[in-house]
Structures are given as structure tokens and as C-alpha cells.
Amino acid sequence: MLRLYDTARGEVCDLVTRDPGRLSMYVCGPTVYDLPHLGHGRYTLVWDVARRWFTFRGLDVRFVSNITDIDDNIINRALREGSSEAEVARRFEDEWWRAMSAIGVARPDAVPHATQWVTQMVELIESFLRDDVAYVTGDGVYFDTSRVSDYGLLAGQALDTLRAGARVEASEEKRSPLDFALWKFAKPGEPTWSAPFGDGRPGWHTECVVMSLGLLGDDFDLHCGGLDLKFPHHENERAQAEAAHRNFARHWGHNGWVMVGDEKMSKSLGNFTSLTDLLSHTDARAYRLLVVRSHYRSPIEVTPATIADAERALARLDALARRFALPQLAGDEFVTPGDYDFTGRGADLVERVVACMDEDLNTPLAVAELFDAVSVANSLSDEGNQVEARALALTVAVLFGAMGLSVVATVHDSDDEVRELVRDRDVARSTGQWSEADRLRDELASRGWIVEDSTEGTRVRRS
RNA sequence: GGCGGCGUGGCCGAGCGGUUAGGCAGGGGCCUGCAAAGCCCCGUACUCCGGUUCGAAUCCGGACGCCGCCUCCA
């Protein structure tokens, strides 16, 4: 039984899906007004791993994640750049998918765009006005949070205690500081959609309720996002669903922050590193490994030291892939167990990893099991037991693949000159000319190649 | 002020009542012409103070330190 921490209940619970054998999940996507940073990278990786794992475990997963393509930040950026909102949104959405593809995060099954769902949002807001759950002010339509009795469930706080600490916003017509905008009336020059209660644009919290319910239906299984969305974003989504008398997510998942020193990485603090920057000098797989080596609900620190650590660990996996000529799995195709016949040690490993992963996606424990198996596979091979060794190594690759991490056996393409040096060195070694062989190795090293001798002759790989 | 989380060996990071977590780095050995890769051995850690227990990193109480949310944020 798959188990997962549910924020609403505050504990790890059985993941009982609406339809047996199927799982619907919605992950709150980005607002496209800037480059994706490491925090976006972490949440997309975490939920990509979850999606792949659920698939590996035999669930038919439907994965929906939105793009918020209209909001204040986009408007401000367009204004600053003298371009249009649509242009800004399109440009950064392109950047987004480029980054996602670079870190190996699979495309969602559906990608709703806020601007495509305005009609449904307007209908929802109208119903709120009709039911007196929302009210109109000078600048928009607001949701009356006092109308939802259990408002604060996700935050774990009662409404009145939330209000006590809320900072008061200036020039506010809201009845309560907790009330939130469902709709913002357009100022001159801003993008606008017509609505019976006044032309304008939708508020952020309204998009996700409408799109998640619209695409996955009432009572869908899993709603995920970064911990910062827990409150107020997800709370506000919940409140709307409740006010609309619709069953919302059965289960809530939230991932922890990326930290910079002792601070959370965030746009407002300005302490972020873009994914593009990271990937310019780091194997994207190292970032995925770094992410799965800690639990998804814990904070992680991404520093040159932790990245370097992950890169070296990854090199160990790639060495395994080279030694056993393992296939490169993961990528767009999801790994499922049906294609493999696990026996003996491999079957035991699968069983152990499944136990770790099924219990609230304990990837760090699973990774520990896998690294143990790496040593065992190498030992078996050292002892000459090639059949068992390779079977176990393959199982390791399959299970990492199930988390979306491919091990890579690729011997990088070398040019003619390099191949000649390698050939010369093999000749020198076979005739015992050690100093010549060493000189050729140094020569290769100076060109950025690491030399590895094997029974099949000299092998080189990029340093 | 309210709510929540965290403090583990040089670093990263699991565990959450009794058994070696794991990785990286470091030391020693094996293998190798020498290396690389690989294997073996080595650190005996849990912020502090009390308590419960045959036994606590793990439970309870307290202290200290740190972080987050309550406001846009993945």
C-alpha cells in the first residue's frame, strides 16, 4: 500500500484513490515571468519522482500542472520591458519547458493555462456572489473567508488566530485581511476579460480550483506543491471548492524548501540561482540525485559542496553502468517493472526499495539500499560471478530509472587523434614500454581524458 | 502574539526504543607495470539538562540555538 504524508491530516496515511488503480494528481505550476530557479527545480523533480514511482507501482497516473500566464508580476514585467503580457508569458514559458526538459522532468498529461479558463472562473465567481460568499469592492471581487467554517485547516490554525497575526494592508476595503481577490478589475492598459461584475482578470487562487476540478473532476486524488503554497494559496483553493459544494483534493502533498545558507531561496529575497545557471556547469542528473538523497519534506541546501558531492556519487553510478554496459533508462518513457524479470538478489532489492518508497516516498533510504547494491554487484563481479553481478546492477539501473535517474555508460566520442594515442598506448603496454605508456596517458590527460585499463584494452572517458 | 518544523560523526543525510543506514571526503590494505575503476578495513556521532525504561539519537519535561508560515513566493 502506498502511503503519503497528507498535510490536511498532518500524518502519513494510506493513499486511497478515487478510482482503484488510477491516480489523479495536480501540481501547482509556475507563474511565467522570470527564469525558473532551484526551488522550481526541486518541486518539479520531487513530484516527477512521485509520478514516476506511482507509475512504476502500477497506477495509471494522470498528471496535471498549470501555467499561470496572467498575473501582476507578468503585467509589471511587460510594463518594464515595454512588451506585452502575452509576450512575456510566452518567453518565460519557453524557458520553463527548456529547463524542465534539461532536468528530465516529464511533461504533464495536461497543461492548463489560466487565460484559457477565464470563462469557468467567471462562472464560479458569479455563483459566489449569488450565494453571498463573495463581495465587490472598488478594485475587485473578494472571497469572504468567514463563510468557510474550517478555514485554516491546512495551516493548522483557526480563523481567528490567523487573523490575529495578519498584517494589515493599507487602503483596504476587504472585510477581513484574510479575504482574497477572486477577480481584479482592470486598470487602463491592462489585459482584461469581460465579466458581469466588472471587466478584469482572475485572481491566482481561483485559477487552480477551476482548472484542477475542471480537468480531474471532483474528489481528485492528490494536490501538490511547494510548502509555501500550503497557506494561503491551497487554503484558498480549498475554501472556494468548499463554498462551491464540491469535493476537492483527497490528499495534500507539500515539499520542503531549497535553502541558501539559513534562508529559504525565494524571489522576494533575491537569493536565487536559476536552473539555467546551475545546468551550465552541472550534470542535471546530479541535481536530481541531490534532491532524492534527502526526503522531499526536508529542506535541502544546494551549495557548490553538496553539488560536488552528488556529482561524485553519480560518477560511481556511471562507473557501474560502464562496467556492466547498463542501458540508459528513464527519460520520457517511464520505467515499469513488467519488462524485467527480477530474481534472487535483484528481487530482494526491489522489495526493499519498494518498502522505502511506498512509505511516504523515502527516497534517501531507497538510495542507500541502491548504493549498497552497487557495492555488492561490484564485489560479485570481482569474484567472477558475472551473471549475478550484472543482474543486480541492472536492477539498480531499473530502480534509479523508476525515480527518473538514468545511469550512463556512454564512452564519450573521441576523435581520431585520441584514438591513435589510445592505440599507441596499448601497443606500448603490450610490449612493456611503461614510460612510453605513461607518457601517452599524461598526453591524454592533458586533453581531458581519463584513462582506464581493462581486459579489453585502454578505455577513455571525459574527465 | 499564534501555528509548525529542525538541531546526527569533517561535510551531506536517513533512522525515531535494543541491530553497520547510505554517500562524499580522509587514513590503511588488496588489485594494477604504475594508475584509473573496483573490493576490504578504519571514525563509534546524535545541542544541553532532567525523567521514564533492563536499555534512548529515538518517548516525556525543561533549557538553548536555528528556520518557516500567519503577506507575493515552488
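Reminder, nothing fancy here: chain letters follow the sequence lines and each chain counts from 1.
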Inset, instruction - Looking at every strand, decide which applies to A:Met259 at a 4.0 Å heavy-atom threshold: base, sugar-phosphate, or nothing. - result: sugar-phosphate

Legend entry - Pairwise P distance, B:U47 and B:C11 [rounded to whole Å]: 13 Å

Legend entry - Partner nucleotide, any strand, of B:G68 [Watson-Crick/G-U, under 3.5 Å]: B:C3

Inset, instruction - Identify whether any heavy atom of A:Arg429 sits under 4.0 Å from a base atom; if not, whether one sits that close to sugar-phosphate; answer base, sugar-phosphate or nothing. - result: base

Inset, instruction - Please state whether the phosphate of B:G15, meaning OP1 or OP2, lies under 4.0 angstrom from any side-chain nitrogen or oxygen of A:Asn362. - result: yes

Inset, instruction - With heavy atoms under 4.0 Å as the rule, sort A:Gly39 into base, sugar-phosphate or nothing. - result: base

Inset, instruction - Look at all strands and tell whether A:Ser266 reaches a base, only sugar-phosphate, or nothing, counting heavy atoms closer than 4.0 Å. - result: base

Inset, instruction - For the pair A:Arg461 and A:Asp318, find out whether any cationic side-chain nitrogen is under 4.0 Å from an anionic carboxylate oxygen. - result: no

Inset, instruction - Could you check which nucleotide pairs with B:G33 in any of the strands shown, counting Watson-Crick or G-U wobble with both distances under 3.5 Å? - result: none

Inset, instruction - Tell me what A:Ala305 touches on the nucleic acid: a base, only sugar-phosphate, or nothing, going by heavy atoms under 4.0 Å. - result: nothing

Inset, instruction - For A:Gly152, report the nucleic acid contact type (base, sugar-phosphate, nothing); a contact means any heavy atom under 4.0 Å. - result: nothing

Inset, instruction - Run the salt-bridge test on A:Lys184 and A:Glu190 with the 4.0 Å N-O cut-off and return the result as yes or no. - result: no

Inset, instruction - For A:Arg352, answer base if it contacts any base atom (sugar-phosphate contacts may also be present), sugar-phosphate if it contacts only those atoms, and nothing otherwise; contact means non-hydrogen atoms under 4.0 Å. - result: nothing

Inset, instruction - Classify the nucleic acid contact of A:His233 as base, sugar-phosphate or nothing, counting any heavy atom under 4.0 Å across all strands shown. - result: nothing

Legend entry - Paired nucleotide for B:A21 [Watson-Crick or G-U wobble; both distances under 3.5 Å]: none

Inset, instruction - Could you check whether A:Lys264 gets within reach of a base, just the sugar-phosphate, or nothing at all, counting any heavy atom under 4.0 Å? - result: base

Inset, instruction - Report which part of the nucleic acid A:Ser375 touches: base, sugar-phosphate, or nothing (heavy-atom distance under 4.0 Å, all strands). - result: sugar-phosphate

Legend entry - Of A:Ala155 and A:Asn255, the one whose closest RNA chain B nucleotide lies more 5': A:Ala155

Legend entry - Side-chain-base donor-acceptor pair under 3.5 Å for A:Asp438 and B:G33: yes

Inset, instruction - Measure from the ring center of A:Phe248 to the ring center of A:Phe220 and say whether it is less than 6.0 Å. - result: yes

Legend entry - Sugar-phosphate only, base, or nothing, as touched by A:Arg323 at under 4.0 Å among non-hydrogen atoms: sugar-phosphate

Legend entry - Base partner of B:G26, which must satisfy Watson-Crick or wobble distances under 3.5 Å: B:C42

Inset, instruction - Assign A:Arg441 to base, sugar-phosphate, or nothing according to its heavy-atom contacts below 4.0 angstrom with the strands shown. - result: base

Inset, instruction - Identify, between A:Phe180 and A:Ala315, the residue whose nearest nucleotide on RNA chain B lies closer to the 5' end. - result: A:Ala315

Inset, instruction - Look at all strands and tell whether A:Ser298 reaches a base, only sugar-phosphate, or nothing, counting heavy atoms closer than 4.0 Å. - result: sugar-phosphate

Inset, instruction - Please find out if less than 6.0 Å separates the ring center of A:Phe92 from that of A:Tyr33. - result: no

Inset, instruction - Using the C1' atom on both, measure B:G7 against B:A45 and round to a whole Å. - result: 13 Å

Inset, instruction - Both distances under 3.5 Å, Watson-Crick or G-U wobble: report the partner of B:G61, or none. - result: B:C49

Inset, instruction - Name the closest nucleotide to the A:Pro232 side chain, picking from B:C34, B:G22, B:C72. - result: B:C72

Inset, instruction - Classify the ring geometry between A:Trp252 and A:His254 as parallel (under 30°), tilted (30 to 60°) or perpendicular (over 60°). - result: parallel

